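In what follows, a structure is listed as structure tokens, so that the remarks can point back to it.
Treat the numbers as computed from the prediction; the structure is a model and nothing was measured. This chain uses plain numbering: 1 for the first residue, then up along the sequence. No hydrogens, no waters, no symmetry mates; every other heavy atom, side chains included, goes into these values.
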Amino acid sequence: MKVKVKGWHGVAVWRWDVPNEEVCGICRVPFDGCCPTCKTPGDDCSLIWGECTHVFHMHCLLRWLQTEGSRGQCPMDRRTWVTAK
């Protein structure tokens with residue numbers, strides 16, 4: 001018996017490599033999704049890591065840091081926010 005494949009559709013799946021955390025600590029949306037500001041996940045909705053090891057959607061953190069109450073601190077542990085290199 002011979003089978004002839006007329007066509008196929010490849011499917012890819014990606015995930016952010018984020019240890020121990022699955023959701024943004026600000027918006028509570030999974031990292032595999034996108035923040036409330038964005039329409040689609042991916043490069044336009046990237047993640048940002050702090051030296052404190054906390055991870056957030058970049059847009060969520062930028063909005064947080066612009067608020068008066070943030071005082072430039074990580075929303076999870078209140079240490080001064082420094083972006084990891």
Contacts under 3.5 angstrom, residues 50-57 side chains, donor-acceptor by atom type, not counting sequence neighbours:
none

For Gly25 and Met76, work out which heavy atoms get closest and say how close.
-> CA-SD, 4.1 Å
Do the non-hydrogen side-chain atoms of Met58 and Cys45 ever get within less than 4.5 Å of each other?
-> no
With Thr83 via side chain to side chain donor-acceptor pair (under 3.5 Å) - residues at least two apart | Trp81
Acceptor/donor pairs from residues 60-69 side chains to any protein atom, 3.5 angstrom cut, sequence neighbours excluded:
unit_1: Arg63; atom_1: NH1; unit_2: Thr37; atom_2: OG1; d: 2.4
unit_1: Trp64; atom_1: NE1; unit_2: Gln73; atom_2: O; d: 2.8
unit_1: Thr67; atom_1: OG1; unit_2: Trp64; atom_2: O; d: 2.6

